[in-house]
Every structure is written in C-alpha cells, then in structure tokens.
Amino acid sequence: MGLADAQHPVTVLLVDDQPIVGEAVRRMLAAEPDVRFHFCSDPTKAIEQANAVGPTVILQDLVMPEVDGLTLVKFYRANPATREVPLIVLSTKEEPETKAQAFATGANDYLVKLPDRLELLARVRYHSRGYVAQLERNEAYRKLAESQAELAREVAEAARYVASLLPEPLKKGPVQVEWRFIPSTQLGGDSFGYHRLDGDHFAFYLLDVSGHGVGASLMSVSAMNVLGSQALPGVDFRDPGQVLAGLNNAFQMDRHNGKYFTIWYGVYPVSY
C-alpha cells in the first residue's frame with residue numbers, strides 16, 4: 001500500500017434502504033484489505049454519515065422511502081464535504097431516461113444492481129483513484145499558495161529591513177540627497193550609503209554583491225557596516241584608494257564562499 005493509499009484509503013459509503021443489498025455489497029468488498037465499507041439504510045442520515053466517514057466513492061440507490069434518490073444526489077452536490085465525491089447510482093431501473101436524469105443531476109456512474117463483483121470493484125477503485133488524485137492535487141495547490149504567501153511576507157519583511165539600513169535623505173545643507181527604494185522579488189546585495197567623515201568631507205558609496213539570495217545580502221550588510229563605522233584599521237576614509245584596498249583585503253573571496261562585490265566610493269570636499 002502506497003503513501004497516497006494510506007492517507008486516503010478506498011472508502012465506500014452505500015446508501016440503500018434494503019439491508020440485504022447492504023450485506024451483499026459488503027460481502028463483495030470484504031476480501032479487499034484496502035477497502036473500507038460503510039452502510040447507511042436511512043437516506044435522511046446519508047449526508048451526516050458521509051460527512052463523518054469521508055467516502056472516496058458513494059453508492060446510491062434511487063428508489064427509497066422519505067427521500068427521493070435524485071433529490072439526495074442534489075444534496076450531495078450542495079454539501080461542501082461531498083460536492084466532489086464520485087457518486088455511483090446503484091439502481092434496479094434500467095431506463096435510459098432515468099440514467100440520463102441521474103447523470104444530469106450529478107451522478108458520475110450508473111450500475112444496475114446487483115452488479116458483478118469484479119465490475120463493482122473496478123468502478124469503485126477507478127472513481128476512488130480519480131478522487132484521491134484530485135484531493136492530492138488540491139492539497140499541493142494549497143501548500144503552494146501557503147508557500148507563496150509566506151515568501152511574499154518574508155520578502156516584504158526583508159524589504160523593510162533593507163530600507164531601515166539605508167541613510168535618511170538629506171534635504172538641507174551643502175549636500176542634498178534624495179532616493180527611492182523599490183524592492184525586488186529576490187534578495188540581493190545591492191546597496192548604497194553616505195555620511196559625513198568630518199566637517200570638510202562627505203563620503204558616498206554604491207556597491208553590488210555578486211549573485212542573489214541570503215549570502216549576497218549578508219555580505220552587503222557587512223560591507224555597509226564596515227563603511228558606516230569606518231572599521232578598517234589604518235585606513236584614511238578620506239582617501240578612496242585606501243578604502244578600496246582595505247575592503248579588498250577584508251573581503252577576500254576565499255573567506256566569503258566565493259562571493260565578491262564591486263563598489264564605487266567617492267569623497268566630496270564640503271564645508272558645513
């Protein structure tokens with residue numbers, strides 16, 4: 001028995017007001033270890049029992065007291081738990097008009113009772129396999145939608161974090177800077193920054209880390225922190241040449257999983 005069969009065993013619900021029919025069908029299926037059989041002799045409780053047992057196929061008589069079989073078919077199709085469950089009409093009526101009406105109402109198949117055991121079992125398995133495949137497909141779509149929603153939340157959170165690392169726009173003073181942040185659907189290593197070095201110098205830098213993903217983002221954050229805190233020993237950050245040499249020494253590819261970045265670093269003389 002495969003994983004899919006273990007999760008969704010063949011579960012048959014027979015709705016028929018005649019216990020002798022229920023016993024006959026039970027015996028037809030009794031030798032099948034992977035088939036679970038349930039019998040409902042009261043059509044007024046058919047929906048309730050279907051909701052409880054979760055059938056992969058329903059066998060349904062047409063002529064029953066209290067509830068007409070075709071009306072019950074409509075009830076199945078209106079009930080969320082049984083809307084897509086395959087329904088095989090099992091009836092003594094052989095008229096083409098009755099069969100056509102059953103299919104028009106929502107039945108998936110039609111058998112004149114009592115059918116041969118092999119034919120009944122083949123149809124039960126056929127319709128159950130199709131229904132289980134549909135359940136698994138729906139579950140896969142649901143998980144995919146959840147994954148996409150989670151990814152969208154993570155990208156939005158990453159975008160907010162990246163935006164929080166960027167410097168505030170400068171609207172006053174001798175150097176004025178305005179920028180606009182548009183997040184992409186992938187994490188990356190693009191970034192920029194600027195700050196005053198002292199009263200006479202203003203530094204601006206723009207970098208791009210190779211590749212995409214978390215590794216590129218982490219390297220970008222590390223480089224930005226080094227530049228923002230001027231954490232390169234012995235380097236005069238007013239000298240772009242020293243800064244680039246210091247960064248090149250600090251971020252060797254063999255120590256950063258083969259990643260590297262390109263950077264433009266400029267220093268402007270200003271008076272505040």
Side-chain angles (χ1 to χ4, degrees), residues 1-95 98-103 105-143:
M1 184 181 298
L3 179 60
D5 296 325
Q7 293 175 341
H8 301 286
V10 177
T11 304
V12 178
L13 173 63
L14 171 62
V15 181
D16 195 303
D17 63 301
Q18 300 180 57
I20 190 172
V21 175
E23 178 61 17
V25 173
R26 185 194 70 78
R27 292 185 179 185
M28 288 182 184
L29 304 177
E32 305 301 318
D34 63 326
V35 177
R36 299 178 181 177
F37 176 74
H38 301 270
F39 176 59
C40 177
S41 61
D42 184 352
T44 64
K45 296 181 179 179
I47 298 295
E48 178 183 350
Q49 189 162 349
N51 290 342
V53 304
T56 59
V57 64
I58 297 173
L59 302 178
Q60 169 71 54
D61 189 19
L62 281 187
V63 181
M64 295 181 292
E66 298 187 53
V67 179
D68 174 69
L70 292 178
T71 300
L72 189 53
V73 171
K74 295 179 181 179
F75 289 164
Y76 290 130
R77 295 312 179 222
N79 180 45
T82 56
R83 181 176 294 126
E84 304 295 336
V85 176
L87 175 64
I88 302 175
V89 170
L90 195 62
S91 176
T92 57
K93 294 187 175 183
E94 298 187 58
E95 296 84 357
T98 302
K99 295 180 180 180
Q101 190 175 6
F103 286 121
T105 306
N108 299 90
D109 207 343
Y110 195 106
L111 285 173
V112 177
K113 65 179 181 183
L114 283 171
D116 178 81
R117 174 184 176 277
L118 290 179
E119 181 181 7
L120 175 63
L121 184 59
R123 298 203 187 203
V124 163
R125 290 193 184 281
Y126 171 77
H127 289 292
S128 291
R129 281 197 302 268
Y131 180 60
V132 168
Q134 178 179 326
L135 291 178
E136 293 173 343
R137 183 173 62 250
N138 292 344
E139 178 66 9
Y141 286 152
R142 184 189 65 80
K143 290 182 178 180

### Query
Looking only at atom types and distance, does a side-chain atom of Thr44 sit under 3.5 Å from a main-chain N or O of Asp42, one as donor and one as acceptor?
no
### Query
Taking everything shown except Phe75 itself, do over 12 heavy atoms lie less than 6.0 Å from its CZ?
no
### Check against side-chain contact (heavy atoms from CB on, under 4.5 Å), Asp16 and Leu59
CA-CA 8 Å; Asp16 195 303; Leu59 302 178; over 6 Å; no
### Message
For Leu114 and Met28: C-alpha separation, side-chain torsions, deciding distance, then whether side-chain contact (heavy atoms from CB on, under 4.5 Å) applies.
### Response
CA-CA 10 Å; Leu114 283 171; Met28 288 182 184; 4.2 Å; yes
### Query
Are Asp34 and Arg125 close enough for a salt bridge, meaning some N to O gap below 4.0 Å?
yes
### Query
Is any side-chain heavy atom of Lys113 less than 4.5 Å from a side-chain heavy atom of Asp61?
yes
### Summary
For Leu14 and Gly22 the tightest heavy-atom approach is CD2-CA, 3.5 Å
### Nearest-0.5 Å distance that lies between atom CG in Leu62 and atom CG in Leu90
9.0 Å
### Message
If we ignore hydrogens and angles and just use 3.5 Å, is the side chain of Thr56 paired with the main-chain N or O of Ser128 as donor and acceptor?
### Response
no
### Query
Do Asn108 and His127 have side-chain N/O donor and acceptor atoms under 3.5 Å apart?
no
### Task
Please lay out, stage by stage, how Thr98 and Tyr110 fare under the test side-chain contact (heavy atoms from CB on, under 4.5 Å).
CA-CA 10 Å; Thr98 302; Tyr110 195 106; 3.7 Å; yes
#### Entry: Side-chain touch Leu72/Met64, heavy atoms, less than 4.5 angstrom
yes
### Message
Are there over 12 heavy-atom neighbours, none belonging to Glu48, within less than 6.0 Å of that residue's CD?
### Response
no
